[in-house]
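All residue numbers in this chain count up from 1 along the given sequence.
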Amino acid sequence: MKFFLVSAYLIFSAVNSLYAQYTPRAVGGYAVFTIPFEGDSVTFAVVAKPGELKAKKPVFLFRQGSLPIPLFTINPKNNRPSLTELPISCYDHETEYYSIMIAKPGVPVIENDAYLDTLFTTRNNPKPAMYPPTYQAHNYLDYYVRQTNAVLKFVLQQPWADTKRVVLAGGSEGYGVAIKTAYSNPNVTHLIAFSGFLDGRQQGIIREERMKGYTGEYTQEQAQQSVEGLQQRWSQICADSLNTSAKVGDPNRTHYSFSIDFRGYLLALTIPILISYGTADIGATSNDVLPLEFARRGKKNLAIKAYPNHDHTFYKLTFDDKGKIISKVYNGVAVEKDYFQWLNEH
């Protein structure tokens, strides 16, 4: 038994040593790490050149939304890579935080703008090559939670990471990843989650379809028909919830895993929480009830920021007299500034 314990300790120490000593590579102005993870690897980027990872700073780890989007995109203006989905305001806080993003599994780490254009313009008729089997097999909530925890474990062993302040943020699909990771990881000190469906993905989609019966997009009868179709589809997903065989789009396992109620995870947390969403993002208005749930339990660690007439990606919408959208203006940077201001206050 003593020999077993000594051997186990030596193996554990060797793994920790490997994690602690890993050397990053430079990609543009970023330090990029690839570390072992579940028999494969996970790649992530830190907003800092490798030689700049010296000063100890807090960590701001951001989990992006859905789709097989590459970690880096080549900027056609300067032919340099930039993190595709990192909130732009993170660059205004480089002296305060090390901002981090994690690559999606099986997706190219670096691509050009044309790749993104094709990905977005073919969403209704997706190209199978853009949905690699590795991505499809690992594109589910608990995998992303484990992936995030593995990156945090590595990062928080580095001398440049200030373990006293670890901010976890996520939007859209990343909303659920951030929430469940914060619930599972006691090292997280602050949580920011936005543009997510509190009661789950399928529930949010049903809510959106129901609302179309009131906005004039559908008749009430059409809305009811759509809702019933989604309910039937959900029964099919539940009957084969671990299936990842879809060649394009989200397989059953993805959809099933993100269609859970997140309020229990949020209510279990004692760290400061900020939840943000646009009121024109119908599925995300499920977050309206969170202050009631927290107040019922006497909890005061929640802040809610709702943006009137803003959609899922924080475009501010203008409507005509009949309720149809006539213009939209991107306001996401202001939203980012708001959550960094919240961080300054907490």
Side-chain angles (χ1 to χ4, degrees), residues 16 18-37 41-65 69-73 75 80-104 109-110 144-171 174 177-178 181-182 184-194 271-274 333 335-346:
N16 277 348
L18 173 66
Y19 268 42
Q21 294 177 15
Y22 199 89
T23 302
R25 64 188 185 276
V27 176
Y30 305 90
V32 177
F33 294 83
T34 299
I35 62 173
F37 176 63
S41 62
V42 57
T43 296
F44 65 94
V46 184
V47 181
K49 294 176 182 176
E52 295 173 349
L53 289 172
K54 295 176 181 176
K56 183 168 284 204
K57 298 180 198 175
V59 169
F60 182 97
L61 193 154
F62 179 73
R63 290 292 348 207
Q64 62 271 50
I69 296 174
L71 186 62
F72 290 101
T73 305
N75 187 328
R80 293 173 60 82
S82 60
L83 286 169
T84 309
E85 294 192 281
L86 185 73
I88 194 71
S89 296
C90 288
Y91 296 103
D92 297 330
H93 297 271
E94 285 188 58
T95 59
E96 304 160 50
Y97 292 96
Y98 285 119
S99 292
I100 297 172
M101 272 194 68
I102 304 172
K104 289 289 184 81
V109 173
I110 305 176
Y144 288 133
V145 170
R146 297 195 305 271
Q147 189 191 52
T148 309
N149 279 326
V151 169
L152 283 173
K153 178 181 177 181
F154 174 86
V155 167
L156 296 181
Q157 290 175 357
Q158 308 310 308
W160 43 266
D162 185 350
T163 60
K164 295 186 178 122
R165 192 171 180 87
V166 179
V167 180
L168 186 55
V177 178
T181 303
S184 68
N185 193 322
N187 294 304
V188 176
T189 64
H190 296 74
L191 171 65
I192 299 168
F194 59 87
I271 62 174
I273 303 167
L274 173 64
V333 175
V335 174
E336 295 166 15
K337 290 181 184 301
D338 284 346
Y339 57 68
F340 275 108
Q341 179 59 39
W342 175 82
L343 282 174
N344 288 338
E345 297 167 359
H346 293 80

Note: Thr43 and Arg25 closest approach over all heavy atoms is CG2-NH2, 4.2 Å
In terms of heavy-atom contacts, Thr189 and Pro272 come closest through O-CD, 3.3 Å
Does any part of the side chain of Ile69, heavy atoms only, come nearer than 4.5 Å to the side chain of Gln64, both counted from C-beta? no
Please report the interatomic distance CD1(Ile271) to NE2(His346), rounded to the nearest 0.5 Å. 12.0 Å
Side chain proximity check, Pro24 to Val46, heavy atoms < 4.5 angstrom: no
Minimum-distance pair of heavy atoms, taken over all atoms of Val145 and Val177: CG2-O, 4.1 Å
Between Thr84 and Thr73 (side chain of the first, backbone of the second, donor and acceptor by atom type, cut-off under 3.5 Å), is there such a pair? yes
Please determine whether side-chain contact (heavy atoms from CB on, under 4.5 Å) holds for the pair Leu83 and Leu71, giving the CA-CA distance in whole Å, both sets of side-chain angles, and the decisive distance to 0.1 Å. CA-CA 6 Å; Leu83 286 169; Leu71 186 62; 3.7 Å; yes
For the residue pair Phe340 and His93, does the interplanar ring angle fall in the parallel (under 30°), tilted (30 to 60°) or perpendicular (over 60°) class? parallel
If you round to the nearest 0.5 Å, how far is CD1 of Ile273 from CD1 of Ile192? 11.5 Å
Contacts of type side-chain contact (heavy atoms from CB on, under 4.5 Å), residue Lys337, not counting sequence neighbours: Ser89, Asp92, Val333
Could you pull out the closest heavy-atom pair between Tyr98 and Val47, with the gap in Å? CD2-O, 4.4 Å
Are the side chains of Leu86 and Tyr91 in touch, meaning some heavy atoms are under 4.5 Å apart? yes
Minimum heavy-atom distance between Tyr30 and Ser82, given as atom pair plus value: OH-CA, 3.5 Å
Heavy-atom side-chain proximity of Val32 to Phe72 below 4.5 angstrom: yes
Ignoring hydrogens and angles, tell me if any N or O in the side chain of Lys57 forms a donor-acceptor pair with the backbone of Ser99 under 3.5 Å. no
If we only count heavy atoms from C-beta on, is the Tyr97 to Leu343 side-chain gap below 4.5 Å? yes
Please assess Phe44 against Val155 for the test side-chain contact (heavy atoms from CB on, under 4.5 Å), listing each intermediate value before the final yes or no. CA-CA 10 Å; Phe44 65 94; Val155 167; 3.8 Å; yes
In terms of heavy-atom contacts, Ala178 and Leu168 come closest through O-CD2, 3.4 Å
Working to the nearest 0.5 angstrom, can you tell me the gap between Arg63 CZ and Thr181 OG1? 7.5 Å
Please tell me if the side chains of Val167 and Phe62 come closer than 4.5 Å, counting only heavy atoms from C-beta onward. no
Taking atom CE of Met101 and atom CZ of Phe60, what is their separation to the nearest 0.5 Å? 10.5 Å
Quick check: does any side chain N or O of Ser41 sit under 3.5 Å from a backbone N or O of Ile35, one acting as donor and the other as acceptor? no
Taken to the nearest 0.5 Å, the spacing of Leu274 CG from Asp338 CG works out to 8.5 Å
Sorted by chain and number, sequence neighbours left out, ring pair (Phe, Tyr, Trp, His ring centres under 6.0 Å) with His190 holds for none
Heavy-atom check, side chain of Leu61 versus side chain of Val188, under 4.5 Å: no
Once you round to the nearest 0.5 Å, how far does CG of Asn185 lie from CG of Leu191? 11.5 Å
In the structure I gave you, are the side-chain heavy atoms of Phe33 and Ile100 within less than 4.5 Å of one another anywhere? no
